[in-house]
Amino acid sequence: MSKHTVVRCTFERHANAILDIFNDAILNSTALYEYKPRTLEVMATWFETKRNGGFPVIGIEDDNGVLIGFGSYGTFRAFPAFKYTVEHSVYIHRDHRGKGIGKLLMHELIAAARAADLHAMMGGIDAANAGSIKLHEGLGFRHVGTLPQVGFKFGKWLDLAFYQLMLDTPAQPVDG
């Protein structure tokens with residue numbers, strides 16, 4: 001089995017690989033409720049938003065240094081009282097799905113969220129994505145609701161399921 005390395009992704013090193021993974025998901029799946037491929041300019045803004053928010057972009061590289069998957073989290077809702085909650089996402093290159101890369105990335109994201117004193121991780125998953133749902137449930141995420149027919153892609157209505165993992169952090173949450 002190949003050796004995998006966990007890395008902190010940077011725009012300079014990983015933007016093109018992340019762009020390829022994102023765009024494959026946009027064009028060929030309902031993992032993203034988007035229609036048009038992203039551009040490098042969009043990726044620059046995406047990385048800047050992650051950096052400004054203090055949000056990690058964690059990647060997995062194969063033994064040749066090629067990025068085969070990545071994950072991140074960001075603001076769940078843009079209101080102050082949601083400061084301890086994030087929404088995460090994980091995307092794997094199409095040639096590496098089903099090999100445990102998503103689980104490895106999720107463990108890294110959960111550890112990063114705990115280290116950042118967050119309390120809840122939310123995952124918005126297309127309700128037909130059985131693989132992602134199985135992954136999340138296996139990691140202790142709990143189904144907390146489904147929004148029926150909130151997306152429309154590939155000529156059909158899509159249901160969005162939310163899965164939540166409660167963390168034991170922060171020890172001393174504060175208002176404000």
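- The only member of Tyr163, Phe162, Phe141 that meets ring pair (Phe, Tyr, Trp, His ring centres under 6.0 Å) when paired with His88 is Phe141.
- The line from OG1 of Thr85 to CE of Met121 is 10.5 Å long, rounded to the nearest 0.5 Å.
- Between the CE atom in Met43 and the CG atom in Asn16 there is a gap of 9.0 Å [rounded to 0.5 Å].
- A continuous path of Ile, Leu, Val, Met, Phe, Trp and Tyr side chains, each step under 4.5 Å between heavy atoms, connects Tyr33 with Met122, placing both in one hydrophobic cluster.
- Checked by atom type and distance alone, the side chain of Asp126 never pairs as donor or acceptor with a backbone atom of Ala31 at under 3.5 Å.
- Counting heavy atoms from C-beta outward, Ser72 and Lys50 have side chains that approach closer than 4.5 Å.
- In terms of heavy atoms, Met166 sits closest to Ala120 at SD-CB, 4.1 Å.
- No side-chain heavy atom of Leu165 sits under 4.5 Å from any side-chain heavy atom of His136.
- Distance CG/Leu135 to NZ/Lys103: 8.0 Å, rounded to 0.5 Å.
- A salt bridge does not link Asp62 with Lys99: none of the charged nitrogens is closer than 4.0 Å to a carboxylate oxygen.
- Criterion: ILVMFWY side-chain heavy atoms under 4.5 Å apart, direct or through other members. Under it, Tyr91 and Leu104 are not part of a common hydrophobic cluster.
- Between Ile58 and Leu105 the shortest side-chain heavy-atom distance falls below 4.5 Å.
- Pairing each heavy atom of Pro56 with each of Tyr73, the nearest pair is CD-CZ, 3.4 Å.
- Looking at every heavy atom in both residues, Thr169 comes nearest to His119 through O-ND1, 2.8 Å.
- For the atom pair NZ of Lys36 and CG of Leu27, the computed distance is 12.0 Å after rounding to the nearest 0.5 Å.
- Hydrophobic clustering of Ile, Leu, Val, Met, Phe, Trp and Tyr side chains at less than 4.5 Å, counting indirect connections, keeps Phe154 apart from Tyr35.
- Ring-plane geometry between Phe22 and Trp46 is classed as perpendicular, the angle between the planes exceeding 60 degrees on a 0 to 90 degree scale with a lower cut at 30.
- When side chains are defined from C-beta on, Leu109 does not count as touching Val86, because their heavy atoms never get closer than 4.5 Å.
- In the hydrophobic clustering of ILVMFWY residues, with side-chain heavy atoms under 4.5 Å counting as a link, Leu32 and Leu67 come out together.
- Annotation for Arg97: atom CZ counts as buried by contact number, over 12 foreign heavy atoms lying within 6.0 Å.
- Contact detail for His14 and Cys9: the closest heavy-atom pair is ND1-CA, 3.3 Å.
- Scanning both residues, Lys153 and Ile26, for their nearest heavy atoms gives NZ-O, 2.6 Å.
- Residues Val57 and Arg51 fail the side-chain proximity criterion, which asks for heavy atoms closer than 4.5 Å.
- Rounded to the nearest 0.5 Å, atoms OG1 (Thr39) and CG (Asn23) are 8.5 Å apart.
- The minimum heavy-atom distance linking Val90 with Met106 is given by the pair CG2-SD, 3.5 Å.
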Residue pair Arg114, Asp168: steps toward the side-chain contact (heavy atoms from CB on, under 4.5 Å) verdict: CA-CA 8 Å; Arg114 279 195 175 103; Asp168 54 1; 3.4 Å; yes
Check against side-chain contact (heavy atoms from CB on, under 4.5 Å), Phe55 and Thr75: CA-CA 9 Å; Phe55 302 130; Thr75 303; 3.6 Å; yes
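- Side-chain contact between His4 and Ile68 is present, with heavy atoms from C-beta onward closer than 4.5 Å.
- For the pair Thr146/Leu160, no side-chain contact is recorded, criterion being any heavy-atom separation below 4.5 Å from C-beta on.
- Distance check: Phe70 CZ to Ile101 CD1 gives 14.0 Å after rounding to the nearest 0.5 Å.
- Hydrophobic clustering (ILVMFWY, side-chain heavy atoms < 4.5 Å, transitive): Ile110 and Tyr84 are in distinct clusters.
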